[in-house]
Asks: 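Dropping a structure here in structure tokens format, bear with me for questions.
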Amino acid sequence: MKKIQIINGPNLNMLGKREPDVYGRMSFDDYLVELRTAFKDCEIYYFQSNWEGALIDKIQETGFDFDGIALNAGAYTHTSIALRDAVKSVETPVVEVHISNVHARDEFRHNSMISAVCKGVIAGFGMDSYRLAVEAILKIKR
């Protein structure tokens, strides 16, 4: 059975409440039920933290034994060299995920510190971006 880790960064614990016009009205916990139902042949683990170091710890913890990581680093996407280094240091393929189309938003969101060290980037499909990331991870040959 494939093991996939979803990692969400700062403020993503507020999904369903925070800027519903941008992020939708569904909480991630509710979406996770749908995602696990759609991928019954996978073990999908979920972790969220507002702390950069905790995100790095989770990448390192799962970055050698899992089949893939779907990482939505939130605002750290645009600022964190430390997250970039963590992604680069593990063997597990990482797919960068964004709920919104970051290129249609503030200019500072157009630059990602982690894209270049990720297997791919999925953005702009709402919560469905995570489903697309899981599908991509399942197709990656390791």
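A quick note: this is a predicted structure, and the numbers were derived from the prediction, not measured.
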Asks: Start with the C-alpha gap between H98 and N72, add the side-chain angles, then the distance that decides, and say whether side chain to side chain contact (heavy atoms under 4.5 Å, CB included) holds.
Replies: CA-CA 6 Å; H98 299 284; N72 184 340; 4.1 Å; yes
Asks: Are any of the side-chain nitrogens in E135 or R131 under 4.0 Å away from the carboxylate oxygens of its partner?
Replies: yes
Asks: Looking at every non-hydrogen atom in both residues, tell me the closest pair between C118 and V87 and how far apart they are.
Replies: SG-CG1, 4.2 Å
Asks: Within a strict 4.5 Å, meaning less than it, do heavy atoms of the L55 and F47 side chains meet?
Replies: yes
Asks: Is there a side-chain contact between I59 and S89, using heavy atoms and a 4.5 Å cut-off?
Replies: no
Asks: Please tell me whether M127 and F125 are part of a single hydrophobic cluster in this structure, the criterion being side-chain heavy atoms less than 4.5 Å apart.
Replies: yes
Asks: Looking only at non-hydrogen atoms, find the nearest pair between A82 and I56 and report the distance.
Replies: CB-CD1, 3.6 Å
Asks: Once you round to the nearest 0.5 Å, how far does OG1 of T62 lie from CD1 of I6?
Replies: 11.5 Å
Asks: Treating S80 as the side-chain partner and T77 as the backbone partner, does any N or O pair qualify as donor plus acceptor under 3.5 Å?
Replies: no
Asks: To the nearest 0.5 Å, how far apart are CG in N13 and OG in S27?
Replies: 11.0 Å
Asks: What heavy-atom pair brings K2 and D67 nearest, and what distance separates the two atoms?
Replies: CA-OD2, 3.2 Å
Asks: Could you label the plane-to-plane angle of the Y130 and Y31 rings as parallel, tilted or perpendicular, counting under 30° as parallel and over 60° as perpendicular?
Replies: tilted
Asks: Between N50 and E52, is any side-chain donor less than 3.5 angstrom from a side-chain acceptor?
Replies: no
Asks: Are I44 and I137 in one and the same hydrophobic cluster, where Ile, Leu, Val, Met, Phe, Trp and Tyr link if side-chain heavy atoms are under 4.5 Å apart?
Replies: yes
Asks: Rounded to the nearest 0.5 Å, what separates atom CD1 in I99 from atom CZ in F28?
Replies: 7.5 Å
Asks: Could you tell me whether the side chain of E43 reaches within less than 4.5 Å of the side chain of F66, counting heavy atoms only?
Replies: no
Asks: More than 12 foreign heavy atoms under 6.0 Å from NZ of K119: is that the case here?
Replies: no
Asks: Consider only side-chain heavy atoms of I, L, V, M, F, W and Y, link residues closer than 4.5 Å, and tell whether F64 and V117 are in one cluster.
Replies: yes
Asks: Are S112 and E96 close enough that a side-chain donor and a side-chain acceptor fall under 3.5 Å?
Replies: yes
Asks: Flag yes if L138 and L32 sit in one hydrophobic cluster, no otherwise; membership is Ile, Leu, Val, Met, Phe, Trp, Tyr, and two members link when side-chain heavy atoms are under 4.5 Å apart.
Replies: yes
Asks: Does the side chain of D29 pick up a donor-acceptor pair with the side chain of Y46 at under 3.5 Å?
Replies: no
Asks: Quick check for you: to the nearest 0.5 Å, what is the distance between Q5 atom CD and E61 atom CD?
Replies: 7.5 Å
Asks: For the residue pair I69 and G63, what are the closest heavy atoms and their distance?
Replies: CD1-CA, 4.2 Å
Asks: Under 4.5 Å between any side-chain heavy atoms of V33 and R36, yes or no?
Replies: no
Asks: Which atom pair, heavy atoms only, marks the closest approach of A73 to P10?
Replies: O-CD, 3.4 Å
Asks: Do T79 and M113 touch side chain to side chain, with heavy atoms closer than 4.5 Å?
Replies: no
Asks: Between NZ of K17 and CG of N11, what distance do you get to the nearest 0.5 Å?
Replies: 12.5 Å
Asks: Please report the closest heavy-atom contact between I4 and C42, naming both atoms and the distance.
Replies: CD1-SG, 4.2 Å
Asks: When rounded to the nearest 0.5 angstrom, what distance separates CD in Q48 from NZ in K58?
Replies: 12.0 Å
